[in-house]
There are 2 protein chains.
Amino acid sequence: MSVSIHEIARLAGVSSATVSRVINGSSRVTPETTRRIQRIIQDCNFVPNRSAVHLKHGKSQIYGMIVPDLTNPFFMEMVKIFEELLVENELELLLANTDFHSTRMQRSIHRMLLRRVDGVAFLASEHEAGPLESLVKNRIPVVTTDHYRTAPGMSDIVVDFRNGMAQLILHLRDLGHRTIGFIGGSDGLATSRIRRESFLDAIVKLGLSSRDGWIVAGDYRIGGGAAGMEAILGQDEIPTAVVAANDLTAIGALRTAHQKGLRIPDDISVAGCDDIEMSDIVYPPLTTLRISRRQYAQMLFDGLQWGAEDFTRPGKVLSLPMKIVVRESTGLAPRRGGRRNSPGNGASVTRKSR
Amino acid sequence: MSVSIHEIARLAGVSSATVSRVINGSSRVTPETTRRIQRIIQDCNFVPNRSAVHLKHGKSQIYGMIVPDLTNPFFMEMVKIFEELLVENELELLLANTDFHSTRMQRSIHRMLLRRVDGVAFLASEHEAGPLESLVKNRIPVVTTDHYRTAPGMSDIVVDFRNGMAQLILHLRDLGHRTIGFIGGSDGLATSRIRRESFLDAIVKLGLSSRDGWIVAGDYRIGGGAAGMEAILGQDEIPTAVVAANDLTAIGALRTAHQKGLRIPDDISVAGCDDIEMSDIVYPPLTTLRISRRQYAQMLFDGLQWGAEDFTRPGKVLSLPMKIVVRESTGLAPRRGGRRNSPGNGASVTRKSR
DNA sequence: ATCCCCAGGGTAACCGATTACATTGCACAT
DNA sequence: ATGTGCAATGTAATCGGTTACCCTGGGGAT
């Protein structure tokens with residue numbers, strides 16, 4: 001189809017080796033010949049076929065990225081930043097979206113193998129890790145997120161959710177909140193467990209309280225947040241603040257709260273995690289925990305380089321800090337109880353059950 | 001690196017040709033041999049190297065997609081759907097984001113050439129089309145959006161913005177609006193022009209009015225929408241409704257309006273275009289024009305197939321319908337003027353200047 | 001017994017680049 | 001004149017698959 005190096009060589013009256021040397025800037029070619037060949041390359045719109053280079057060199061110059069949900073702005077921003085990082089390094093991105101389906105994840109990994117990518121950034125640790133083995137077996141470096149497991153060639157970037165959650169709960173306590181609910185991720189996923197535990201730890205450390213009915217599962221999406229809030233508000237008593245496992249969940253929670261006629265933060269405070277752009281747009285703007293995307297992407301990249309340099313050495317664990325961003329969805333805890341269906345009720349939050 | 005077909009052949013005690021035949025399901029191999037080889041392939045985690053296949057076959061099985069702004073949820077959704085479509089067809093996606101920079105676009109195209117992609121979906125028609133020529137020269141099919149130009153190997157998908165805008169303006173007229181403003185895209189971009197003209201045509205056709213100060217440029221982002229709304233509200237008189245070139249712009253406009261203390265839609269109606277998920281979340285939920293992503297993606301794909309089948313025949317033009325989605329950001333036109341700084345003013349919209 | 005056919009499988013060229021090694025030719029030393 | 005050294009360029013193997021073509025051997029027809 002498109003012109004090859006041999007075609008260029010023929011036109012220039014030289015061998016393909018010389019053309020290759022010009023392309024790669026080897027010094028062994030006369031300036032005059034170099035110019036002549038470069039001119040022809042220009043005229044023919046020639047660019048070397050990377051599949052051929054790949055075959056010869058063993059490096060595909062492609063990095064894979066597997067995300068669980070492209071419609072989540074957080075992941076989308078990560079894709080964007082990661083792609084920029086790759087382009088700066090003359091690399092390309094092979095993107096895969098699992099949509100939380102493990103079949104789709106397996107196929108994604110298969111595609112990564114097909115292309116012999118130079119590394120895979122795996123942001124979908126929600127899934128079972130088994131299939132990642134086949135990447136490592138093929139000596140493809142992998143960097144996971146919140147996976148809490150490493151191996152030679154497999155590094156892990158851990159978001160310091162524990163610390164972030166501590167900041168958030170401290171903030172809520174300072175606002176007078178004593179009873180706090182939590183809307184998590186999907187049940188059964190590793191990250192969901194970690195986040196819920198971090199929340200509980202922070203609650204306990206600061207001597208605050210929660211209860212089973214206030215700790216519900218979500219799905220890291222708006223819908224799950226809305227349903228989760230509905231479940232919490234359906235309890236006999238409700239907490240004065242609700243923390244969500246991510247911003248989409250928090251936004252869903254906001255919507256439900258509005259629909260039920262609750263004012264935020266006057267009646268109930270809501271906080272999220274991720275700091276997506278949308279969080280500053282919704283009403284009220286969301287208090288949340290921010291992760292630096294650039295730092296995150298850089299860590300992913302570094303983790304892959306680490307694995308690529310020497311596949312035998314053990315994987316690294318890098319910790320990524322979070323920082324609280326206070327906006328208007330959190331405010332002073334209501335003096336009066338937040339009991340549903342009785343907004344005028346003056347009673348403080350009581351412990352009916354237990 | 002990873003195992004090759006020859007390694008498999010050696011282990012199975014056959015030639016690489018036989019292994020290849022097994023992989024590709026050729027009937028020339030004994031069932032028994034087939035099973036034995038398949039077993040070894042399984043055990044070794046072998047998958048054929050696509051770069052090698054590409055080299056031999058001339059098909060890279062990669063499609064490129066170039067978008068102007070990945071942080072725009074509309075494009076992100078398009079990426080997601082298009083990727084799904086490709087995966088269904090055992091193809092892969094090479095994603096490029098230009099961030100509205102023409103240098104980045106040129107580099108993106110260069111990367112598409114490097115990989116010898118089988119086709120490029122170009123959603124960034126905001127840019128000059130020149131660099132696309134190099135794709136066509138290399139016989140890579142291209143499908144553009146709202147590009148209003150075709151050529152052999154280059155098809156174009158045109159969003160029927162004219163019709164959509166007519167629906168929207170009709171809706172606003174039925175609500176009693178007579179004076180309508182418009183916040184467009186960045187100045188100098190082709191799509192911006194088209195959208196502005198469609199707006200003006202619709203206005204004129206229905207006998208409504210606008211004026212220079214109410215027709216401002218944006219940047220297809222929230223910031224531009226906010227600034228655009230600020231400019232419109234800074235006029236001596238303001239329209240009763242504002243239409244934005246896309247939803248992000250409309251959302252920015254909403255924010256400014258809120259900050260200025262205007263109630264929506266009581267004081268001023270706002271409408272957008274795209275129907276991104278966020279539009280149903282913001283307050284108030286946005287009236288907008290919806291494009292079916294699936295249909296759009298399918299058209300892009302079909303356009304590329306069309307070019308691939310026979311590169312010499314002229315490109316197709318496909319038209320994509322829009323459909324109005326009425327939500328709460330548009331309402332009855334205020335009886336009383338929407339003059340800024342005088343919310344209690346009972347005067348109807350007056351024409352001070354001109 | 002001889003020949004033919006064909007199923008099953010091997011051989012080797014090829015795709016487009018890279019690169020170790022070989023070759024050429026010219027300047028300069030002896 | 002001959003050899004030496006080096007710069008400029010050519011030759012050919014190679015990467016991992018695919019496939020046109022070739023080879024082999026056993027069964028059936030004559």
Side-chain angles (χ1 to χ4, degrees), chain A residues 1-38 40-41 44-62 90 113-118 138-140, chain B residues 1-38 40-41 44-62 90 110-111 113-118 138-140:
Chain A
M1 300 299 162
S2 51
V3 284
S4 76
I5 200 174
H6 299 99
E7 181 74 3
I8 302 294
R10 199 179 56 74
L11 291 173
V14 296
S15 78
S16 62
T18 304
V19 177
S20 176
R21 285 192 267 260
V22 168
I23 292 168
N24 297 291
S26 158
S27 56
R28 324 246 320 191
V29 187
T30 302
E32 191 212 350
T33 313
T34 303
R35 269 194 300 277
R36 183 160 45 96
I37 293 176
Q38 277 172 340
I40 295 174
I41 287 177
C44 295
N45 250 292
F46 168 77
V47 285
N49 184 329
R50 279 226 174 164
S51 285
V53 177
H54 172 194
L55 209 52
K56 182 65 183 157
H57 270 26
K59 289 279 162 208
S60 64
Q61 318 236 62
I62 301 180
E90 311 224 31
L113 288 171
L114 280 173
R115 292 290 172 193
R116 301 292 195 272
V117 296
D118 294 337
N138 282 279
R139 309 195 80 73
I140 295 177
Chain B
M1 316 297 155
S2 52
V3 285
S4 75
I5 200 174
H6 299 100
E7 180 76 1
I8 302 293
R10 199 178 55 74
L11 292 172
V14 296
S15 78
S16 62
T18 305
V19 177
S20 176
R21 285 194 267 259
V22 168
I23 292 168
N24 297 292
S26 157
S27 55
R28 321 244 322 193
V29 188
T30 302
E32 192 211 348
T33 315
T34 302
R35 269 193 300 278
R36 184 160 44 94
I37 293 176
Q38 276 171 341
I40 295 174
I41 287 176
C44 296
N45 252 292
F46 169 76
V47 283
N49 184 327
R50 279 226 173 163
S51 285
V53 177
H54 172 194
L55 210 50
K56 183 64 184 161
H57 271 25
K59 288 280 161 209
S60 65
Q61 318 235 64
I62 300 180
E90 311 225 34
H110 188 250
R111 289 162 50 207
L113 288 171
L114 279 173
R115 292 289 171 193
R116 301 291 195 271
V117 296
D118 295 336
N138 282 279
R139 308 195 80 76
I140 295 176

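- Counting heavy atoms from C-beta outward, A:I23 and A:I5 have side chains that approach closer than 4.5 Å.
- Taking the nucleotide of DNA chain C with the nearest heavy atom to each of B:A17 and B:P31, the more 5' of the two is matched to B:P31.
- Nucleic acid contact class of B:H6 (heavy atoms, under 4.0 Å, all strands): base.
- At a threshold of 4.0 angstrom between heavy atoms, the contacts of B:R50 with the nucleic acid are absent.
- When the C1' atom of C:dG16 is taken as reference, atom CZ of B:R115 falls 14 Å away, rounded to whole Å.
- At least one side-chain nitrogen or oxygen of A:T33 sits closer than 4.0 Å to the OP1 or OP2 atom of D:dT9.
- Rounded to an integer number of Å, the gap from A:R36 CZ to D:dA8 P is 14 Å.
- Between B:H57 and C:dC14, a side-chain N or O to OP1/OP2 separation shorter than 4.0 Å is absent.
- One can place CD of B:E7 at 11 Å from P of D:dG17, the figure rounded to the nearest angstrom.
- With hydrogens and angles disregarded, a donor-acceptor distance shorter than 3.5 Å links the side chain of A:T34 to the backbone of A:T30.
- Between the base of C:dG10 and the side chain of B:R21 there is a donor-acceptor pair shorter than 3.5 Å.
- Under 3.5 Å, the side chains of A:R116 and B:S2 contain a donor-acceptor pair of N or O atoms.
- Annotation: side chain of A:N49 is not in contact with side chain of A:S4 (no heavy-atom distance under 4.5 Å).
- Not one side-chain nitrogen or oxygen of A:H54 sits closer than 4.0 Å to the OP1 or OP2 atom of D:dG16.
- C:dC15 atom C1' lies 6 Å from atom NZ of B:K56, rounded to whole Å.
- A:L113 places its CG atom 15 Å from the P atom of D:dG16, with the value rounded to the nearest Å.
- Contact check, A:S20 against C:dT19: no side-chain N or O comes under 4.0 Å of OP1 or OP2.
- Considering only side-chain atoms of A:V53, the nucleotide from C:dA17, C:dT11, D:dT9 that sits closest is C:dA17.
- Checked against D:dG17, D:dA12, D:dG16, the side chain of B:L55 finds its nearest nucleotide in D:dG16.
- A salt bridge links A:R10 to A:E7: at least one charged side-chain nitrogen sits closer than 4.0 Å to a carboxylate oxygen.
- Looking at heavy-atom distances under 4.0 Å, A:V19 makes no contact with the nucleic acid at all.
- Computed from coordinates, the A:R10 CZ to C:dG16 C1' distance equals 16 Å when rounded to whole Å.
- Mapped onto DNA chain C by nearest heavy atom, B:R116 and B:V29 fall at different nucleotides, with B:V29 at the one closer to the 5' end.
- For the pair B:I62/B:D118, no side-chain contact is recorded, criterion being any heavy-atom separation below 4.5 Å from C-beta on.
- Rounded to whole Å, atom P of C:dA17 lies 11 Å from atom CG of A:N24.
- Between B:N49 and the phosphate of D:dC15, there is no side-chain N or O to OP1/OP2 separation shorter than 4.0 Å.
- In this structure, B:Q61 atom CD and D:dT18 atom P are separated by 11 Å, rounded to whole Å.
- For the pair A:T18 and D:dT9, the criterion of a side-chain N or O lying under 4.0 Å from OP1 or OP2 is not met.
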